[in-house]
There are 2 protein chains.
Amino acid sequence: MPNQGVAFDQIFQALADPTRRAMVERLTRGPASVSDLAKPFPMSLPAVVQHLQVLELAGLVRSEKIGRVRTCRLEPDGLRRAEGWIAAQRTAWEGPLDRLGEFLAAGADDSAHADQQKGPAS
Amino acid sequence: MPNQGVAFDQIFQALADPTRRAMVERLTRGPASVSDLAKPFPMSLPAVVQHLQVLELAGLVRSEKIGRVRTCRLEPDGLRRAEGWIAAQRTAWEGPLDRLGEFLAAGADDSAHADQQKGPAS
DNA sequence: CGGACGGTCAAGCGATCGCTTAAGTATCGG
DNA sequence: CCGATACTTAAGCGATCGCTTGACCGTCCG
């Protein structure tokens, strides 16, 4: 069972490769076999399988072999984990008060007006 | 300046390293100088700067040198781009098919008949 | 049965990654 | 002006990455 507590290292590393991202995009449109998944790419089949293993180890994809065909499908939990981490960082920065801190740190000289119309309260 | 249309490759690659993610987390709590940013880590200063360059090239961090101090701050746009891509894939998977597609593919053996019970969508 | 199909295993190779040390360059403090 | 501070640059080294080729195994079809 592809561990659910996979490290972010593996998730982001998996997503860092364009081939692997293209595979994920392909899999959002439905499950696919290995060779089916390999067709768009100009590389050998073992290379594709290696990418697939990276995705699987990261918990982004699950695959099951029936007969001689391995069928791969997306595992949205991995994606959700990555999205959650990013959102946490982004909101930690945008949330409390820090945009102002940035402004102050940049130019503490002419603080005549401190009300920029930024921040559409997302 | 680091282009805003930076490739996802660089963004996810930058996020794939635990040291770099820790730096991002640190920067959500406010701007920091290079050596300040380096303090929590058991590595040499040049190593930290190299990580910083990766983050900056990915458009996740911006830095400005004043006097002999380089001050780094978070660039939320990069984070938002990454989050957007992930969300797009996740919703592309979860949206149109619901979970039914996944369920059918897992339990059913072929596409000839699709008359299993339907509507377990939560 | 025999061959094609779908995938797997193993070795290896060049490129990149993360990190190091050593030796700079600029600024600031006294 | 001199030393300390805050990086910066460059070279190098072992480990990992992405990909290849070649051999192999199990499954389906005629």
Side-chain angles (χ1 to χ4, degrees), chain A residues 2 6-27 30-58 60-73 105 108, chain B residues 2 6-27 30-73 105 109-112:
Chain A
V6 198
F8 288 116
D9 290 40
Q10 301 169 258
I11 297 178
F12 287 123
Q13 183 73 289
L15 258 25
D17 187 277
T19 302
R20 249 131 43 193
R21 278 199 313 280
M23 286 175 176
V24 168
E25 289 179 357
R26 165 64 186 80
L27 286 176
S33 73
V34 171
S35 40
D36 200 24
L37 207 48
K39 256 158 200 143
F41 305 106
M43 65 183 69
S44 68
L45 210 161
V48 169
V49 174
Q50 281 164 14
H51 281 305
L52 224 25
Q53 281 174 347
V54 173
L55 287 168
E56 204 159 350
L57 199 65
L60 294 167
V61 161
R62 180 150 33 143
S63 75
E64 185 191 4
K65 191 162 184 175
I66 300 173
R68 60 179 170 176
V69 176
R70 175 170 300 275
T71 303
C72 310
R73 80 186 89 270
Chain B
V6 197
F8 288 116
D9 290 41
Q10 300 169 257
I11 298 179
F12 287 123
Q13 182 73 296
L15 257 25
D17 187 277
T19 304
R20 256 142 23 203
R21 278 199 313 278
M23 286 175 176
V24 167
E25 288 178 358
R26 165 65 185 80
L27 286 175
S33 73
V34 170
S35 39
D36 200 24
L37 205 50
K39 256 159 202 143
F41 305 107
M43 65 183 69
S44 69
L45 210 160
V48 169
V49 175
Q50 281 164 13
H51 281 303
L52 225 25
Q53 282 174 347
V54 173
L55 287 168
E56 205 160 350
L57 198 67
L60 293 168
V61 161
R62 178 144 40 139
S63 75
E64 184 192 5
K65 190 161 187 175
I66 300 173
R68 60 179 169 175
V69 176
R70 174 170 301 274
T71 303
C72 309
R73 81 181 99 277
D109 47 355
D110 60 8
S111 55

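Keep in mind the model is a prediction, meaning the values are calculated, not measured. Residue numbers begin at 1 in each chain, while the letters A, B, ... track the order of the sequences. Both backbone and side-chain heavy atoms feed into the values below; hydrogens, waters and symmetry mates do not.
- With rounding to the nearest 0.5 angstrom, the CG atom of A:Leu57 is 10.5 Å from the CD1 atom of A:Ile11.
- Between the P atom of C:dT8 and the NE2 atom of A:His51 lies a distance of 15 Å, rounded to the nearest Å.
- One atom, CD of B:Gln50, and another, P of C:dT20, lie 9 Å apart when rounded to the nearest Å.
- B:Met43 has its CE atom 4 Å from the P atom of C:dC19, to the nearest Å.
- Residue pairs that meet the salt bridge (Lys or Arg N to Asp or Glu O under 4.0 Å) test with at least one member in residues 10-22 of chain A, sequence neighbours left out, are A:Arg21-B:Asp9.
- For DNA chain D, the contact window with chain B, defined by any atom under 4.0 Å from a protein heavy atom, covers D:dA4 to D:dT9 in 5' to 3' order.
- Legend: residues meeting side-chain hydrogen bond (donor to acceptor under 3.5 Å, both in side chains) with B:Glu25, ordered by chain and number and at least two apart, are A:Trp85.
- By the side-chain contact (heavy atoms from CB on, under 4.5 Å) test, B:Gln13 pairs with A:Gln13, A:Ala16, B:Ala16, sequence neighbours left out.
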Look for any protein N or O under 3.5 Å of an N or O in nucleotides 22-30 of chain C and output each such pair with its distance, or none.
| unit_1 | atom_1 | unit_2 | atom_2 | d |
| --- | --- | --- | --- | --- |
| C:dT27 | O2 | B:Arg68 | NH1 | 3.2 |

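- If you take NZ of A:Lys65 and P of C:dC5, they are 17 Å apart, rounded to a whole angstrom.
- Between A:Ser63 and A:Leu52, the closest side-chain pair of non-hydrogen atoms is not below 4.5 Å.
- Among the protein residues, A:Ser35 comes within range of the sugar-phosphate backbone only, with heavy atoms under 4.0 Å from sugar or phosphate atoms but none that close to a base.
- Here the CG atom belonging to B:Leu27 is positioned 10.5 Å from the CG atom belonging to B:Leu60, to the nearest 0.5 angstrom.
- Axis deviation across the helix from C:dC1-D:dG30 to C:dG30-D:dC1 amounts to 20°, comparing end segments of five pairs, rounded to 10 degrees.
- For the pair A:Ser44 and A:Gln13, both in contact range of DNA chain D, the more 5′-proximal nearest nucleotide belongs to A:Gln13.
- Atoms CG and CZ, from A:Leu55 and A:Arg62 in turn, are 14.5 Å apart once rounded to the nearest 0.5 Å.
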Compile the donor-acceptor pairs under 3.5 Å between side chains in residues 33-43 of chain B and protein atoms, sequence neighbours left out, one pair per line.
| unit_1 | atom_1 | unit_2 | atom_2 | d |
| --- | --- | --- | --- | --- |
| B:Ser33 | OG | B:Asp36 | N | 3.2 |

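- Using a 4.0 Å heavy-atom distance criterion, A:Val49 is classed as a sugar-phosphate-only contact.
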